[in-house]
Amino acid sequence: MNKTFLIKSLFGTLLFLAGSFNQATAHGQAAVTFSDIIVPEAPPTAVVMVAYMQIKNNTDQDKTISQISSTQFKRVEIHKMNMANGMMKMKKLDTLTIKAQQTIVLESGGIHVMLIKPLKPLKHNDPVTLTFKFASGESTMLNTRVQRTH
Ligand SMILES: [Cu+2]
């Protein structure tokens, strides 16, 4: 094995790791990148948790998330906080579209990923896996961990 080959194979491994986290099209180019993913720790009795993140569409076509699922939760929904009759309410969105070359910020008080009914109580540093399905048929798996934010 010559040196060039070794460097290439190492680089390939790094790309693969980055791709599996940020995801990607079938040919390895990150079509949509996820960053600043936060799943704040909740009390052990919590029946819902939340995930915040930034989602960036690096392509020239709109990308629509049609479904999110998690191996740690019974159900995952996309929610948006809405002001209705002077009260903040959560509204379920069926899909979430990130326009071409745009970034969507999912944050407290805005759009968020609602993690419903943990299969077991989750605490600081426990892994959370989220699978995003796109209307195009592509899917992306994110691996993150519960974070203590206070
Ligand atoms: Cu919600």
Side-chain angles (χ1 to χ4, degrees), residues 11-150:
F11 190 55
T13 306
L14 290 175
L15 277 181
F16 173 76
L17 290 173
S20 66
F21 187 77
N22 289 325
Q23 188 48 348
T25 58
H27 45 277
Q29 186 216 350
V32 178
T33 42
F34 295 79
S35 59
D36 298 336
I37 305 154
I38 302 169
V39 179
E41 189 179 42
T45 53
V47 292
V48 292
M49 290 174 72
V50 68
Y52 303 121
M53 65 198 70
Q54 292 192 25
I55 309 173
K56 183 172 187 285
N57 179 357
N58 301 303
T59 74
D60 293 322
Q61 285 150 4
D62 293 357
K63 292 279 180 185
T64 297
I65 296 166
S66 54
Q67 199 194 359
I68 310 174
S69 59
S70 171
T71 44
Q72 288 80 20
F73 294 88
K74 193 171 179 196
R75 201 165 80 244
V76 180
E77 295 179 355
I78 304 164
H79 284 182
K80 187 179 184 178
M81 296 296 279
N82 256 4
M83 200 61 139
N85 302 323
M87 279 173 59
M88 285 294 263
K89 284 194 171 164
M90 291 199 287
K91 182 177 182 288
K92 180 175 179 272
L93 305 180
D94 290 328
T95 60
L96 182 63
T97 296
I98 307 112
K99 293 203 179 298
Q101 302 293 344
Q102 298 293 303
T103 300
I104 283 192
V105 180
L106 279 63
E107 60 190 348
S108 177
I111 298 170
H112 55 275
V113 175
M114 198 96 253
L115 308 168
I116 300 162
K117 294 191 178 166
L119 301 182
K120 65 176 182 69
L122 295 174
K123 58 183 192 312
H124 175 63
N125 219 34
D126 284 344
V128 173
T129 301
L130 296 172
T131 301
F132 292 74
K133 284 199 176 127
F134 291 85
S136 59
E138 294 160 292
S139 73
T140 296
M141 199 163 98
L142 287 187
N143 292 300
T144 186
R145 285 177 186 277
V146 174
Q147 286 130 306
R148 192 161 289 151
T149 55
H150 49 269

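This one's a predicted model, so the numbers in the text were calculated from it and none came from an experiment.
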Please tell me if the side chains of [X] and [Y] come closer than 4.5 Å, counting only heavy atoms from C-beta onward.
X: Val48; Y: Leu115; answer: no
X: Lys80; Y: Met90; answer: no
X: Val50; Y: Pro40; answer: yes
X: Val76; Y: Ile116; answer: no
X: Gln72; Y: Leu122; answer: yes
X: Thr129; Y: Leu142; answer: no
X: Met49; Y: Val39; answer: yes

So which heavy atom on [X] is nearest to which on [Y], and how close?
X: Pro121; Y: Pro44; value: CB-O, 3.7 Å
X: Arg148; Y: His124; value: N-ND1, 3.1 Å
X: Tyr52; Y: Leu106; value: CB-O, 3.3 Å

- Query: If you count the non-hydrogen atoms of other residues, nucleotides and ligands that lie under 6.0 Å from CZ in Arg145, is the total more than 12?
  - Reply: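 Enclosed: over 12 neighbouring heavy atoms sit under 6.0 Å from CZ of Arg145.
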- Message: Tell me whether Met88 at atom CE has more than 12 heavy atoms from other residues, nucleotides or ligands lying less than 6.0 Å away.
- Response: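 Yes, because the 6.0 Å sphere around CE of Met88 holds more than 12 heavy atoms from other groups.
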- Query: Within the distance-only criterion (no hydrogens, no angle test), does the side chain of Asn57 pair as donor or acceptor with the backbone N or O of Thr59 below 3.5 angstrom?
  - Reply: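 Checked: pair present.
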- Return yes if some donor-acceptor pair links the side-chain N/O of Asp62 with the main-chain N/O of Ile98 below 3.5 Å, else return no.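 Answer holds: no.
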Between [Y] and [X], do the side chains contain a donor N or O and an acceptor N or O under 3.5 Å apart?
X: Asp36; Y: Gln54; value: yes
X: Thr64; Y: Thr95; value: no
X: Asn58; Y: Lys56; value: yes

- Gln147 and Thr149: CA distance, side-chain angles, deciding distance, side-chain hydrogen bond (donor to acceptor under 3.5 Å, both in side chains) verdict: CA-CA 6 Å; Gln147 286 130 306; Thr149 55; over 6 Å; no
Separation of [Y] [atom2] from [X] [atom1] (nearest 0.5 Å):
X: Ser66; Y: Glu138; atom1: OG; atom2: CD; answer: 10.5 Å
X: Ser136; Y: Gln61; atom1: OG; atom2: CD; answer: 9.0 Å
X: Thr140; Y: Lys133; atom1: OG1; atom2: NZ; answer: 11.5 Å
X: His79; Y: Met114; atom1: NE2; atom2: CE; answer: 6.5 Å
X: Met141; Y: Ser70; atom1: CE; atom2: OG; answer: 10.0 Å
X: Met53; Y: His112; atom1: CE; atom2: NE2; answer: 11.0 Å

- Would you call the rings of Phe34 and Phe132 parallel, tilted or perpendicular if under 30° counts as parallel and over 60° as perpendicular?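 Plane angle between 30° and 60°, so tilted.
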- Item | Chi angles and distances behind the side-chain contact (heavy atoms from CB on, under 4.5 Å) call for Asn125, Val146 | CA-CA 5 Å; Asn125 219 34; Val146 174; over 6 Å; no
- Query: Only one of Ile37, Thr33, Ile65, Thr103 clears side-chain contact (heavy atoms from CB on, under 4.5 Å) with Ile55; which?
  - Reply: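 Per the side-chain contact (heavy atoms from CB on, under 4.5 Å) rule, the option paired with Ile55 is Ile65, out of Ile37, Thr33, Ile65, Thr103.
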